[in-house]
Amino acid sequence: MIPPFARAAAGPRLSRRGLGVTLGALVLGASLPRRMARAEGATPPPPGTRVSAFLEIHPDGRFRLLSPFVEGGQGIATTMAQIMGEELDVDPARFEVECAPPGLDYAVVDGMRMTGGSSSTRSSYAIMRRLGATARDMLVRAAATRWKVRPEQLVTENGQVLHRGSGRRLTYAALAGEAMALPPAESVRLRDPKTFRYIGKPFARLDMRDKSTGRAAYSIDTRVDGMLQAAVQHAPRIGAEAGDFLNEAEVRAMPGVHSIHRLKDAVAVVADSWWRARRAVETLKVDWKPGQGGLPEDFSSAGMLAALRAERGTGAVAEEKGDAEAALRGAAKMIEAEYDAPYLSHAQLEPPSALARFNADGTLELWLPNQMPELFQGAAAQVAGLRPEQVKLHSPMLGGFFGRHFLYDFANPFQQAIQLAKAVGRPVKVIWSREEEFARDAVRPMGFTRFRAGLDANGMPVALHVAVVGEGPIGRYFGAAMGNPPVDPSMVEGIVERPYAIPNRRIDCVKHPQPAVIAFWRSVGHSMNEFFYESFLDEIAAAGGKDPFALRMELLKDSPRQRDLLRAVGDLSGGWKRGPYEAEGGKRARGVALASAFNTEVATIAEVSIAEGEVQVHEVWVAIDPGSVVNPAIITNQVQSAVALGLSSSLLEEVVYEKGAPQARNFDAYPILNRTRMPRVHVRIVESGAPMGGIGEPGLPGVPPAVANAVAALTGQRVRSLPLSKTRFGAV
């Protein structure tokens, strides 16, 4: 699901777009469109059409690519270099890729700019190809003019233009100035996919060496001259306010302390080093007052789940086919079940940080991990009392992703950094300790879903009624802008539009607000909804006396893409077998699940055993069909990553609120999957030729149900509430 964040308006396409040169770099359209706009009254070119915003070719032969997307470990910098390099005819390894600054040019995701929703490559694939081909065409025409030959007599080769008839060649850098004088072509020929050299190949990650050698720079690594550092102590719960400081003199006298500050929902100590700031702020004794708003003092996870269970409203229909109620009444057998999933933290390994500096010209410079530069630029401007164009935002490489770096209340330190820099008159970097991160992370919503299914005399499902109860992040943050539609898509994704041929079905979206600060989390609603749906489908199979794999194959009779993928994962696993069966170390069993997320289809099989009452996952097989592929190695890496997070969430993770606050404040109380519990992951990529889908998130949703279904096959216990660590299993 791609949330409708701040959408950027795009003007009409210009009839001619020019070229410009800055500091010897080829900059297509940097200056001429502005001159044309003044002369012709034209509007700026639409996003994704001004090549200068994306590409620089420097005199020393360096190629600098300004990406619309933030690199956070998903490999998007490498993917962008592959796509651009394919059409520009430059080896992707020659590119230096950086996240572009805020600007309309980069609003390439349905008229907005974001890194999320598994949308980066599929939303920009055609754009980046066209930009590369446009730049190559202009360079060829520049060389043709210099040599007084026809452009069709020239070819290119890894950053050079060649005239084969005479053996002459020129580098792209040598042609930059002449290319700038030429108008871009209205249309350019793209390379035949049959001749691709980089797209579709497992090209090595551009950032791997820097990450391996410690040269990669994250927000937490940034430094500027004259910088002070700050640590914070948040209120015990959101909404409380700082009263008196009970030992202020003691803290001010601590080594390196510069000043103490009250902030919204927190206090901060500014010092000459972060460690000194942290020691001081943790020493500071604060008389916290109840305050207004925030989380109720009696809010708890248990109370929230009870409220969702008690909700019996009918809500709004998210999907309907046939007459589910009539079919349920006439069914030979009916089964019911309720499923729930907990609040989850993002639990990223890089703690949140932000560095703010006010410059002598009145501008604000901000270094900030984020997934939407323009959105944060606007928010920072409001905090600082400036216009957005007065805020220069740097978007460093992220040390964690998964929806953590969107704009949530109380969940980001950049406002604190701005306020502190303004207060002390010097640059200030704020870093949250691990405890403060866990205290204020926005969480995945709690999920609760109620199922009823009717079976015919042959054990086949003829009716399905589902009620999805709760709240989703799209409704929370963008419902008003969308006109408050009755169905929140982030609540029901993974439940609606399933490919199974169940003739009568109805899905209801029952909204019930949650006081917690909820967030987008890797694969959003899919992260829990496929667990609910695919687990219940196994319950349907059991009630009808069917094998769960065979039942899925039969229900997919009208969905050949998903049927082929299910067959592929069965083959990948060496042939489907449910179990229990004897294996090394004892009995094991397997579970299967399908997921349809972000225009990508995924089939997953997991193999489990039970050891000392806990679930052990030994093997996970994943067949993924994203339609088409840019870098298969990155797809494999992303699936492996998604499996790890899917296992961690299904086996271990849970945010528990009591008395208005999360109880876990570090990884000792919020365990995540460790290396010893990571199974072997086998991936098969299937290219069906369907429109390109997403990659970063689709591999996750099938993991929890595949594991839970395997556990049920092995133990006979059907777990309907995550994480599985809440359930102790007997010997098998």
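All residue numbers in this chain count up from 1 along the given sequence. These figures come from a predicted structure and were not determined experimentally.
Here the shortest heavy-atom pairing between Arg129 and Ile83 reads CG-CG2, 3.5 Å. When all heavy atoms of Val188 and Ala133 are compared, the pair lying nearest together is CG2-CB, 3.7 Å. Closest of all the heavy-atom pairs between Ala107 and Pro47 is O-CB, 3.3 Å. Nearest heavy-atom pair across Ala380 and Val391 is CB-CG1, 4.2 Å. The two residues Pro351 and Ile220 make their nearest non-hydrogen contact at CD-CD1, 4.1 Å. Counting all heavy atoms, side chain and backbone alike, Asp272 lies closest to Leu228 at CA-CD2, 4.3 Å.
One finds the OG atom of Ser67 at 9.5 Å from the CE atom of Met84 (value rounded to the nearest 0.5 Å). Between the CG atom in Leu700 and the CG atom in Leu645 there is a gap of 5.0 Å [rounded to 0.5 Å]. The structure places CG of Leu398 at 7.0 Å from CG of Asn370, a figure rounded to the nearest 0.5 Å. The structure places CE of Met80 at 6.5 Å from OG of Ser120, a figure rounded to the nearest 0.5 Å. Taking CD of Glu71 as the reference point, atom OH of Tyr218 lies at 8.5 Å (rounded to 0.5 Å). Taking CD from Gln371 and CG from Leu407, the interatomic distance works out to 11.5 Å, rounded to the nearest 0.5 Å.
Heavy-atom contacts from other residues, nucleotides or ligands closer than 6.0 Å to NZ of Lys392 number 12 or fewer. For Asp225, the CG atom counts as loosely surrounded, since its 6.0 Å shell holds 12 or fewer non-hydrogen atoms of other residues, nucleotides or ligands.
In the model, Trp147 has no side-chain atom that pairs as donor or acceptor with a side-chain atom of Gln153 under 3.5 Å. Defined by atom type and a distance below 3.5 Å, a donor-acceptor pair is missing between the side-chain atoms of Arg278 and Ser433. Side-chain N/O atoms of Gln82 and Asn631 include a donor and acceptor closer than 3.5 Å. For the residue pair Arg168 and Ser166, a side-chain donor N or O sits within less than 3.5 Å of a side-chain acceptor on the partner. Side-chain atoms of Glu697 and His526 form no donor-acceptor pair, as typed in the model, at a separation below 3.5 Å. Counting only N and O atoms by type, the side chains of His346 and Asp441 include a donor and acceptor under 3.5 Å apart.
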Run the numbers on Arg50 and Thr134 for side chain to side chain donor-acceptor pair (under 3.5 Å), then give the verdict.
CA-CA 10 Å; Arg50 193 168 63 90; Thr134 299; over 6 Å; no
Any chance you could lay out the salt bridge (charged side-chain N to carboxylate O under 4.0 Å, His left out) test for Arg64 and Glu96, step after step, and finish with the verdict?
CA-CA 5 Å; Arg64 182 170 180 253; Glu96 299 172 357; 5.7 Å; no
Do Gln229 and Trp275 pass the side chain to side chain donor-acceptor pair (under 3.5 Å) test, and can you show the C-alpha distance, the side-chain angles, and the key distance before you say yes or no?
CA-CA 9 Å; Gln229 301 209 44; Trp275 182 247; over 6 Å; no
Under the criterion ring pair (Phe, Tyr, Trp, His ring centres under 6.0 Å), I'd like the reasoning laid out for Phe69 against Tyr106: C-alpha separation, chi angles, the key distance, then a yes or no.
CA-CA 8 Å; Phe69 309 108; Tyr106 310 108; 9.5 Å; no
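Exactly one of Arg197, Lys201, Arg130 qualifies for a salt bridge (Lys or Arg N to Asp or Glu O under 4.0 Å) with Glu86. That residue is Arg197. Partner of Val630 under the side-chain contact (heavy atoms from CB on, under 4.5 Å) criterion, chosen from Thr78, Ile695, Thr121: Thr121.
Residue pairs meeting the ring pair (Phe, Tyr, Trp, His ring centres under 6.0 Å) criterion with at least one member in residues 72-102, sequence neighbours excluded: Phe63-Phe95.
Using a 30° and 60° split on the angle between ring planes, Tyr477 and Tyr408 fall in the tilted class, from 30° to 60°.
The six-membered or imidazole ring of Phe520 lies away from that of Phe402, with a centre-to-centre distance of 6.0 Å or more.
You'll find the side chain of Asp625 stays beyond 4.5 Å of the side chain of Thr600, heavy atoms only. In this structure, Leu386 and Thr363 have side chains that are not in contact, with every pair of non-hydrogen atoms separated by 4.5 Å or more.
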